[in-house]
2 protein chains.
Amino acid sequence: MALAETIDLESRVEAGDHQALKLWLRLLACTTRVETVIRNRLRSEFGTTLPRFDLLAQLEREPGGLTMGELSARMMVTGGNVTGIVDQLEGEGLVVRNEHPSDRRAFRVQLTPAGRRQFRRMAAVHEGWIVDLFEGWSPTQKTQVHELLATLKTHLASFDATPAPRRKNKDSA
Amino acid sequence: MALAETIDLESRVEAGDHQALKLWLRLLACTTRVETVIRNRLRSEFGTTLPRFDLLAQLEREPGGLTMGELSARMMVTGGNVTGIVDQLEGEGLVVRNEHPSDRRAFRVQLTPAGRRQFRRMAAVHEGWIVDLFEGWSPTQKTQVHELLATLKTHLASFDATPAPRRKNKDSA
DNA sequence: TATTGTTATACTCTATAACTATA
DNA sequence: TATAGTTATAGAGTATAACAATA
């Protein structure tokens with residue numbers, strides 16, 4: 001653990017590896033904790049879930065609506081799941097499947113006025129939770145991490161993180 | 001208080017809120033991506049999962065073994081899940097339930113020699129993946145974030161993130 | 001023939017509750 | 001009575017594949 005200073009040349013690479021691993025473990029611990037708090041509160045306060053909240057958030061940003069396929073892509077989940085979530089939200093009167101102007105196979109999924117009201121109410125509370133949770137960092141630190149994460153995000157973009165374990169073709173294997 | 005001042009104050013708070021939210025979204029995006037890559041590779045390369053890997057990691061650190069309850073606490077999941085994972089790993093010959101010296105209800109779950117070999121092999125590869133994924137940051141940046149996360153982690157410790165949505169008694173928040 | 005979305009199914013991960021065998 | 005672990009069940013959350021309607 002605290003062996004850092006006395007390393008010789010040979011173990012330096014290994015120490016570097018451990019540095020990355022320890023960083024990852026800590027990052028994961030923090031993220032998981034925040035996520036759990038948010039999930040729990042979303043359920044207890046609003047009787048909803050993270051994917052449902054996420055779907056509403058996607059629609060709120062796109063007043064013209066989104067197709068099921070676009071929702072699927074933005075939420076990074078496969079189509080069948082989107083159908084299920086939209087079914088639920090439509091049942092609650094928060095979203096509607098409107099007809100698509102140019103493709104009769106597709107829909108323009110949009111927020112209803114009630115859906116928009118409900119989402120905004122939740123989003124405001126949600127944002128308050130996030131603010132509290134990240135109060136551990138000063139504004140300067142937040143900015144700093146935000147920028148560091150931008151770098152990391154770019155780097156990570158080159159890794160294959162497709163949801164499916166197996167893609168149709170093209171898998172180099 | 002002048003109107004202009006009020007507006008200014010309000011928008012400052014709002015700006016601060018958005019800062020935290022944007023930070024969280026980016027943090028979540030990065031973490032999710034890393035996790036997905038790791039999960040996919042763990043499955044495709046070793047036919048295993050993150051919880052199974054995690055359980056082996058817990059045992060590797062504790063040569064004397066751990067009880068089911070201790071595993072449950074360290075992995076932050078409830079008991080029934082641990083039973084399932086240990087069943088699988090025991091079936092594969094990677095861990096054993098040995099008898100507990102002083103409590104006949106409990107076990108000392110331990111790695112088998114094969115389990116230790118297998119875990120070490122996986123852990124080395126796994127660490128390489130992490131190193132690659134975090135190559136986006138310089139060693140200095142890694143250290144920096146690691147320390148910032150320590151601060152955040154401390155702050156987060158005061159929030160209730162119990163797995164269960166509903167606990168026996170009162171919410172302390 | 002390709003694509004949009006639905007249906008049906010399955011698997012992972014996790015929680016709860018009732019149960020057993022000790023303590 | 002309380003605790004360690006198991007069993008059975010439930011419910012998110014996600015994936016795959018076969019299918020219908022339309023392009």
Side-chain angles (χ1 to χ4, degrees), chain A residues 28 32 35-36 38-40 42-44 47-55 65-91 95-109 161-169 171, chain B residues 28 32 35-36 38-40 42-44 47-55 65-91 95-109 161-168:
Chain A
L28 184 60
T32 304
E35 218 181 323
T36 305
I38 297 299
R39 269 184 212 279
N40 287 174
L42 236 25
R43 174 169 38 189
S44 62
T48 195
T49 65
L50 218 35
R52 284 208 282 255
F53 182 76
D54 188 17
L55 195 147
L66 290 168
T67 64
M68 300 297 280
E70 285 165 347
L71 281 168
S72 167
R74 296 199 187 195
M75 298 175 65
M76 301 207 285
V77 298
T78 51
N81 305 304
V82 176
T83 297
I85 298 171
V86 170
D87 284 351
Q88 294 172 357
L89 293 171
E90 196 164 33
V95 310
V96 271
R97 284 171 167 100
N98 290 313
E99 59 179 30
H100 193 280
S102 59
D103 187 338
R104 284 195 317 205
R105 294 169 307 181
F107 304 111
R108 271 165 50 239
V109 184
T162 39
R166 216 157 287 282
R167 315 263 307 116
K168 304 185 171 236
N169 274 330
D171 206 334
Chain B
L28 184 60
T32 304
E35 218 181 324
T36 304
I38 296 300
R39 270 184 210 279
N40 287 174
L42 236 24
R43 174 170 39 189
S44 63
T48 195
T49 66
L50 219 36
R52 284 208 283 256
F53 183 75
D54 188 17
L55 195 146
L66 290 167
T67 64
M68 301 297 280
E70 284 165 346
L71 280 168
S72 167
R74 296 200 186 195
M75 298 175 67
M76 302 208 283
V77 298
T78 50
N81 305 304
V82 175
T83 297
I85 299 171
V86 170
D87 284 351
Q88 294 172 357
L89 293 171
E90 195 164 33
V95 309
V96 271
R97 285 173 167 99
N98 290 313
E99 60 179 30
H100 193 281
S102 60
D103 187 339
R104 284 195 317 205
R105 294 169 307 180
F107 305 111
R108 271 165 52 238
V109 184
T162 39
R166 215 156 288 282
R167 263 149 332 80
K168 315 191 166 229

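Counting to the nearest Å, the P atom of C:dT12 and the CG atom of B:Asp54 are 17 Å from each other. A:Arg43 places its CZ atom 17 Å from the P atom of D:dA10, with the value rounded to the nearest Å. To the nearest angstrom, C1' of C:dA8 lies 13 Å from CG of A:Asn81. Here D:dT14 presents its C1' atom at 11 Å from CE of A:Met75, a figure rounded to the nearest Å. Going from atom CG of B:Leu71 over to atom P of D:dG5 covers 9 Å, rounded to whole Å. Regarding B:Ile85, its CD1 atom lies at a distance of 9 Å from the C1' atom of C:dT14, rounded to whole Å. When rounded to the nearest whole Å, the span between CD of B:Glu99 and P of C:dA23 equals 11 Å. For the pair A:Arg104 CZ and C:dT3 P, the interatomic distance rounds to 20 Å; values are reported in whole Å.
At a threshold of 4.5 Å between non-hydrogen side-chain atoms, the residues A:Val82 and A:Glu70 do not count as touching. By the 4.5 Å heavy-atom criterion applied to side chains, A:Glu35 and A:Leu50 are counted as neighbours.
Each of B:Leu71, B:Thr49, B:Leu66 was evaluated against B:Leu55; a single residue qualifies, B:Leu71, per the side chain to side chain contact (heavy atoms under 4.5 Å, CB included) test. Partner of B:Val86 under the side chain to side chain contact (heavy atoms under 4.5 Å, CB included) criterion, chosen from B:Val95, B:Val96, B:Asn81: B:Val95.
Mapping A:Pro51 and A:Gly80 onto DNA chain D by nearest heavy atom places A:Pro51 closer to the 5' end of the strand.
Neither OP1 nor OP2 of C:dT16 sits under 4.0 Å from any side-chain N or O of B:Thr78. The phosphate of C:dG5 has neither OP1 nor OP2 within less than 4.0 Å of any side-chain N or O from A:Thr83. Listed pair B:Arg39 / D:dA15 fails the phosphate criterion, with no side-chain N or O lying under 4.0 Å from OP1 or OP2.
A:Ile85 approaches A:Pro51 most closely through the heavy-atom pair CD1-CB, 3.8 Å.
At a threshold of 4.0 angstrom between heavy atoms, the contacts of A:Arg52 with the nucleic acid are absent. Residue contacts for B:Thr67: at a heavy-atom cut-off of 4.0 Å it reaches the sugar-phosphate backbone alone, with no base atom in range.
No hydrogens or angles were tested; on distance alone, a donor-acceptor pair under 3.5 Å links the side chain of B:Arg105 to the base of D:dT3.
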